[in-house]
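Each remark here refers to the structure printed beneath this line.
Every number for a ligand or one of its atoms is a count from 1 in the order of the listing. What you are looking at is a predicted structure, and each value in this text was computed from that prediction instead of being measured.
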Amino acid sequence: MIKEAIKPRILPVEERIKNFKEVNLGYTEEQMLAECERCLQCKNPKCVLGCPCHCNTKEIIRLASERRYEEALEIIYDIYVFPRSIDRVCPHFCENACVLGKKGDPIQIMLIKRYLADHYGLPPSFTDCAPSTGKHVAVIGSGPAGLTTAYFLAKLGHAVTVFEKLPVLGGLLRVGIPEFRLPKQIVATEIKQIEKIGVKFKPNTPVEETCNFNVLFEEGFDAVFIGIGAHAPKWMGIPGEHLEGCIHALDFLREFNLKGTFPIGAKTAVIGGGNSAIDSVRVAKRLGSDAFILYRRHRDQMPANPPEIVEAEEEGIQINFLTNPVRILGKNNKVIGLECVRMRLGEPDSSGRPRPIPIPDSNFQIEADMMIQAVSQQPDIQHFKDPRLKFTRWKTFEIAEEVCATPISGVFAGGDCVRGTGTVVEAVRDAKKAVNDIHSYLLKT
Ligand SMILES: Cc1cc2nc3c(=O)[nH]c(=O)nc-3n(C[C@H](O)[C@H](O)[C@H](O)COP(=O)(O)OP(=O)(O)OC[C@H]3O[C@@H](n4cnc5c(N)ncnc54)[C@H](O)[C@@H]3O)c2cc1C
């Protein structure tokens, strides 16, 4: 018999639905140690292979169970520079690979790591840096990819300056994911720690006019890392998307996360099944709107993190599956509803998920005065006009197959602006690869 996983403390629905307090309160030390006890310490740990960064979770759990917290943190910080943030939002590839998951609950690895990072501070080696190399690197964008690149390059002795377009730092950790999943104070604290090792941050400084890169090189930078994410809305292309009351999820979440308020509609339809959709609908609900989801596939195909789908439903949010909008209805240039069509699932498409197929003559209308589109986005490359740069048809940066190098010598790229919308841990993996590539490049110049 496999013991059930220890459940974290969760803020009750009635205590969370009208505010933005963190919902998952994590483990106590006692709970963390009890969860470590469940680990089988497999000879060939699938959790390690499952993590895109190959984080040695087996060893972290062993050390934690022996209360050797500092040593466990050394391993964690060697991989992630912001573990308190990442262990709150990662879709836990490691847990999905855990062998216990085949017959019962996998080990709750994220909650164990989160407990350690929340309670035991930085390991002593955090601020250790190699002697200065005299090389300067410009990092464009302060999201997970930019932060990781900046920190690990600084540790190797390079002087790093991070340029950020927005007034706040952290990319989607700060302006995408809402407070009830990832408190802003935690992101800010982890960035302050990166500052301690000498990384310079320049918020409110879009690298736009200088995007031919020669200017950055003339200013004294020896290499550039582009980590601008994917922040340009991609609309569905259905009639009515121009109407007042239609907004893209990224714009909605950014404005709300920056200002702490948003003029929400009385009835809000959120379109999509990913994290952006679930985050948007939960924010809209907390702002007082009767908010609901329209999703063209079924629950099993939703890309959002499963616990957050459950939490949204607990909060009274309705998810309308197999439903796709085909037209936004308007009056006096304002949204008054959506015309939708019912879908059925067919054979798998290129994503491996069953293809949603419209059911003929199944059109129906839903009332709504706001529509949040959370289906798709792409990198905003309008200012990246250097003719040597190459882009894919999804407007992502093309890089060399084996390295993170763009066609411009000394210019590298990684994160969502290369892979398209992904996850935080994948952005970290890209950035760590870029660090190796940039370091090798700098040593040769
Ligand atoms: C609502 C939402 C919820 C999500 N939830 C999760 C989750 O639960 N778990 C998970 O793993 N992933 C989640 N993701 C995905 C995750 O946030 C991204 O994959 C990750 O942030 C990508 O990191 P990045 O550094 O590549 O880009 P970003 O985080 O997008 O950061 C890019 C930064 O570059 C800046 N920038 C852009 N252009 C310029 C310029 N010209 N000059 C200077 N700066 C510029 C931007 O302002 C931004 O700060 C979510 C995404 C969204 C939108």
*Verify the ring-centre separation between F252 and H248: is it less than 6.0 angstrom?*
no
*Could you give me the CA-CA distance, side-chain angles and deciding distance for R88 and E22, then say whether salt bridge (charged side-chain N to carboxylate O under 4.0 Å, His left out) is met?*
CA-CA 10 Å; R88 281 172 161 78; E22 189 170 20; 2.7 Å; yes
*Report the residue from D430, T396, I399 that forms a side chain to side chain contact (heavy atoms under 4.5 Å, CB included) with R419.*
D430
*Just distances here: any N/O of L250 and N/O of ligand 1 closer than 3.5 Å?*
no
*Please determine if V424 has a nitrogen or oxygen closer than 3.5 Å to a nitrogen or oxygen of ligand 1.*
yes
*For L166, the ligand 1 atoms whose distance to one of its heavy atoms is below 4.0 Å*: 47 (O)
*asked:* Quick check: F384 and ligand 1, any N/O pair under 3.5 Å apart?
replied: no
*Considering only heavy atoms of D416, which atoms of ligand 1 have at least one such atom less than 4.0 Å away?*
18 (C), 19 (O), 20 (C), 22 (C), 26 (O)
*Determine whether any heavy atom of H231 lies closer than 4.0 Å to an atom of ligand 1.*
yes
*Side chains of T392 and E398: is there a donor and an acceptor less than 3.5 Å apart?*
no
*Can the positive tip of R286 be found less than 6.0 Å from the middle of the six-membered ring of F180, inside 45° of the ring normal?*
yes
_Enumerated ligand 1 atoms positioned under 4.0 Å from heavy atoms of P91_ = 11 (O)
*What are the atoms of ligand 1, with element, lying closer than 4.0 Å to any heavy atom of D279?*
1 (C), 2 (C), 3 (C)
*asked:* Within ligand 1, which atoms have a heavy atom of I140 less than 4.0 Å away?
replied: 40 (C), 42 (N), 43 (C)
*asked:* Regarding atom 51 (C) of ligand 1: of the candidates V168, L172, V139, which has the closest heavy atom?
replied: L172
*If you measure every N/O of K165 against every N/O of ligand 1, is any gap under 3.5 Å?*
yes
*asked:* Please report the interatomic distance NZ(K184) to OG1(T189), rounded to the nearest 0.5 Å.
replied: 13.0 Å
_Between F126 and Y151 (judged by ring centroids, cut-off 6.0 Å), do the two rings come close enough to count as a pair?_
yes
_For L253, atoms of ligand 1 separated by under 4.0 Å from a heavy atom_ = 1 (C)
*Aromatic ring pairing F384/F213, orientation class (parallel under 30°, perpendicular over 60°, tilted between)*: tilted
_Does ligand 1 come near enough to A427 that some N or O of the ligand is less than 3.5 Å from an N or O of the residue?_
no
*List the steps and the verdict of side-chain contact (heavy atoms from CB on, under 4.5 Å) for D105 and L100.*
CA-CA 6 Å; D105 294 335; L100 288 185; over 6 Å; no
_Atoms of ligand 1 close to E164 [distance to a heavy atom under 4.0 angstrom, numbered from 1]_ = 33 (C), 34 (O), 35 (C), 43 (C), 44 (N), 46 (C), 47 (O), 48 (C), 49 (O)
*At a 4.0 Å threshold, what atoms of ligand 1 neighbour a non-hydrogen atom of G227?*
32 (C), 33 (C), 34 (O)
*Contact check: G422 vs ligand 1, nitrogen or oxygen atoms, below 3.5 angstrom*: yes
*Taking the six-membered ring for Trp and the full ring for Phe, Tyr or His, determine whether the centres of F256 and F20 are under 6.0 Å apart.*
yes
_Under the criterion side-chain contact (heavy atoms from CB on, under 4.5 Å), I'd like the reasoning laid out for V160 against F225: C-alpha separation, chi angles, the key distance, then a yes or no._
CA-CA 10 Å; V160 185; F225 174 77; over 6 Å; no
_Does the residue E308 have a heavy-atom contact with ligand 1, meaning some pair of atoms that are separated by less than 4.0 Å?_
no
